[in-house]
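All chains are named by letter (A, B, ...) in the order of the sequence lines, taking the proteins before the strands, and each is independently numbered beginning at 1.
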Amino acid sequence: MEMPLPDPAILAKKSSLVERLRAVLPGDAVISDEAETRAYECDALTAYRCPPLCAVLPSSTEQVAAVLRICHEMGVPVVPRGSGTSLAGGALPTADCVILGVARMNAVLETDYNNRFIRVQTGRTNLSVSGAVEEENFFYAPDPSSQLACAIAGNIAMNSGGAHCLKYGVTTNNLMGVTMVMMDGTVVEIGGAHLDAPGLDLLGVICGSEGQLGVVTEATLRILRKPEGARPVLMGFDSNEVAGACVSDIIKAGVLPVAIEFMDRPCIEACEAFAQAGYPMCEALLIVEVEGSEAEIAHQLGLIKEIAARHNPVELREAKDADEAGRIWLGRKSAFGAMGQINDYMCLDGTIPVSELPFVLRRIGELSREYGLDVANVFHAGDGNMHPLILFNANEPGQLELCEALGAEILKLCVEVGGCLTGEHGVGIEKRDLMLHQYSDADLEAQMAVKDVFDPQWLLNPAKVFPLSVSQARRAPRPAAA
Amino acid sequence: MAVKPENEAELSAGVAGARGPLRVQGGGTRGFQGAGELLETGGLAGIELYEPGALTLVAGAGTPLAEIEAALEAEGQRLAFEPMDHRGLMGTGGEPTIGGVVAANVSGPRRIQVGACRDHLLGVRFVDGTGQVISNGGRVMKNVTGYDLVKLMAGSWGTLGVLSQVSLKVLPKPETQATLAVEIADAGTAVRALSAALGSPFEVSGAAHAEGQALVRIEGFEGSVSYRAGRLAEVLAPFGAVREVAEGAALWTGIRDVLAFHGVPGDVWRISVKPGDTAAAVADFGTGQIVLDWGGGLIWALVPEGTDLRARLRVPGHATLVRAAAGTRARIGMFHPESAPLARIAEGLRARFDPRGIFNPGLMSAPVGA
């Protein structure tokens, strides 16, 4: 993966930069020692690493503003970082950048059950937002798999989703307002506890902008009352096509489950070996979860089972209690861990129209054989968000490149059938160069025009989202050193 | 002279060749009288793709809303964000188009449960101020591929570009609905009752206050609705006698379209605040008739002509002038002023997407009288 060469002029002024940063931050909040900056050399896309010039860990919006003012004046790029769980390299440093980590900003600022929102600093982890409102039986809906570790800041940057977004939507649908620091240090308030914008929907464009428009330091998030109960049903089918048709029929019937998860045979086998969840050995497995009171759950599951029965399932298992429900989810939730134990893997995130599911799975199988790399599929079927896991051996020369080439083929396939490159992980560096398959030059130009307005010098999170060739002209002329 | 392109290429050529301001119009149901040559999108009509099993619909921006709703109805689906029909309130004719709905991010009572129009908008195609065709988003439910210009276009009132095509997430239409009503006179108590309902696990899809009644709607399968209606009646009991309304569906259409103000003289404002601030906001207005939606967070206010409620709004939020004489609109503008840095960003975006400033000039950026 090509990254821009570091600017020697910036590297040369490291000591004056660090000195200025130390003047506005507590002593332990500026990390400039080369050994220590290594902690920030990558995110969860570990194949690419590059220690930053230095890292800062501010603890307030004012400190973030002070840092950005200095970097803006000195023309130093800034890479914002939540918890560093991005699978797309969204927080990959450049050698001439300052990593701005929000990890120390994890406070709950306001909780309001009557108006159903919580305001937090964005370094707070996703799960601990729900944790903060749990005692009143409320929760924060988006639930990415990494929710134990990932920060709200990163969720906003990548517009994260999760297994339950079929019903509750993704981050952008649950984000009501932000406090954001612009690259020049200006602090802006957008949205809040009221709904919708008075003018242009800037909140909508900031969410999912991968930290390239500003550093979000505080967020107002919608919280919801927990449902009375939830229960999954597990269904096995003897072909991907049949399972795909079943998903479509469930949706058409007017049932809207909170989650419909899909696993194919390679994934089922790996999960079973790892977690012994008692999954049936079959070609495709669906986990469908519904919510409500006991009677409501029974009614919805009745309808779902009736639809499933028309597709001759090889297995139909309804959880009778919490323990059984836990076991149904166990395999799915350990899917990534299971894969990680067998092999190195690359997790893709393309999204397709649900109707194209059988075709796309068949094509992925063909591509997998062509490239000689196994692919296991586990994904959110209700909304077409696929997570093909390509298995490879990182220690064998050439395998990473082969894996990336197969990944690119699969993502192009997603675009060809009317889908997109990424549903919830973001573009980062990983899918940057594939953007031209999804968008025309004019489409990308329009997106870059937004960046021009928010960050005219293109200092925030450089070399992400847009192909380097396309953003070259904008990135090149860095302002002279202050 | 009016321009009415029949396809995207004509739209693009028409914009590129425009020599002055354009007034972009879908069905014309909101009665704007802005400056410039009329550009009608009604020719860009037709449903291009509808996949009920994938919950997605793609249509030309000029497609009549009624045509879309009929197609969805035939499959037992709907636009869940419940867009209002402005004709009754505005006293206008015309045919609402989906592009018009999207351009103003029009969302009805169900906004509190399922989100706004922008939350159901999956993709757009539009023509910018230079005539360039731009596509963003797509027709899938989850998409973080590049910046979300889809949201930016929703609610941009045609000031950044002219929509040519939109793709939408649709949802199943529930089997049935039930509406509970409690007599409550004052806004503060009504909001507390609505908050109690919305804070329950019973999935309220409408929470309004009109003509002395707090109204709560639930939707779903028959058995589920009757169960939740019973449980919600318990939640609402401390606020007064709870009864079930017979003509619930029609009642919510009336809330959605602000039926109470149809044909009644006066200006109409639409104010969005935190529900807990509503009672204070209404007291500060000091005048007029009020209808509350969105659990109290949306205030519809009917006030004497020329009253500027923005100046009286002291809690966080925003007010939009929806209905007023053309002269009043021209004099005070429709939108709420933004903070200086946000206004700068908005102007910067307009300058980039519409460098000649030809789309609905002054509509969103008009100077606001204090």
Side-chain angles (χ1 to χ4, degrees), chain A residues 113-116 158-159 161 169-170 173 186 188 192-202 204-205 208-209 225-228 248 251-252 254 256 292-293 295-296 299 351-355 383-385 418-424 426-427 435 438-439 442-443 446-447 449-450 452-453 465, chain B residues 51-56 76 105 111 115-116 118-119 128 132-136 138-149 151-152 154-156 171-172 195 198-201 221 223-224 227 272-276 294 297 316-318 335-336 338-339 341-342 345-346 348-349 352-353 364:
Chain A
Y113 297 106
N114 284 325
N115 293 296
R116 299 167 300 285
M158 297 310 200
N159 190 15
V170 294
N173 312 116
T186 309
V188 294
H194 55 273
L195 294 174
D196 299 338
L200 295 178
D201 187 357
L202 300 179
V205 77
S209 64
R225 179 68 186 263
K226 274 189 193 170
E228 289 182 273
S248 180
I251 289 171
K252 268 193 284 195
L256 196 63
S293 66
E296 291 174 286
H299 177 70
T351 302
I352 57 167
V354 179
S355 48
D383 46 32
N385 188 192
C420 66
L421 298 172
T422 170
E424 58 185 1
V427 176
M435 285 287 273
Q438 174 105 47
Y439 288 117
D443 297 341
Q447 295 178 35
V450 172
D452 290 339
V453 171
V465 183
Chain B
E51 284 186 4
L55 302 175
T56 43
N105 189 28
R111 196 250 174 275
R118 56 89 102 173
D119 295 296
D128 76 6
Q132 180 70 56
V133 176
I134 293 162
S135 162
N136 193 261
R139 60 179 177 100
V140 289
M141 301 279 178
K142 284 162 85 177
N143 193 341
V144 285
T145 317
Y147 294 170
D148 194 345
L149 305 186
K151 303 273 185 310
L152 195 61
S156 65
L171 282 172
S195 288
L198 286 164
S200 78
F221 292 110
S224 164
Y227 164 76
S272 176
V273 296
K274 180 174 81 178
W294 296 359
H318 51 92
F335 294 93
H336 204 92
E338 293 174 287
S339 68
L342 294 189
I345 293 169
L349 291 171
R352 292 304 301 263
F353 282 85
M364 290 192 91

>> Looking at every heavy atom in both A:Ala446 and B:Ile134, which two are closest together, and how far apart are they?
In response: CB-CD1, 3.6 Å
> What are the two closest non-hydrogen atoms of A:Ile352 and B:Val140, and how far apart are they?
Replying inline: C-CG1, 3.4 Å
Rounded to the nearest 0.5 Å, what separates atom [atom1] in [X] from atom [atom2] in [Y]?
| X | Y | atom1 | atom2 | result |
| --- | --- | --- | --- | --- |
| A:Leu421 | B:Asn143 | CG | CG | 8.5 Å |
| B:Tyr227 | A:His299 | OH | NE2 | 14.5 Å |
| A:Asp443 | B:Ser135 | CG | OG | 5.0 Å |
| B:Phe353 | A:Leu200 | CZ | CG | 9.5 Å |

> Contact part of B:Ala346 toward chain A, heavy-atom cut-off under 4.5 Å: side chain, backbone, both or neither?
Replying inline: both
> Can you say whether B:Leu198 sits under 4.5 Å from chain A via the side chain, the backbone, both, or neither, judging by heavy atoms?
Replying inline: both
>> As an exercise: rank A:Val453, A:Asn385, A:Thr422, A:Asp452 by heavy-atom pairs under 4.5 Å with chain B and give me the winner.
In response: A:Thr422
>> Quick check on the interface: out of A:Gly208, A:Ala193, A:Gly384, A:Cys420, who has the most heavy-atom pairs with chain B under 4.5 Å?
In response: A:Cys420
> Between the side chain of B:Ser195 and the main-chain N/O of A:Asn114, is any donor-acceptor distance below 3.5 Å?
Replying inline: yes
>> Counting C-beta onward and ignoring hydrogens, is there a side-chain heavy-atom pair between A:Arg116 and B:Pro275 closer than 4.5 Å?
In response: yes
>> Is a donor from one side chain sitting under 3.5 angstrom from an acceptor on the other, for B:Lys274 and A:Asn115?
In response: no
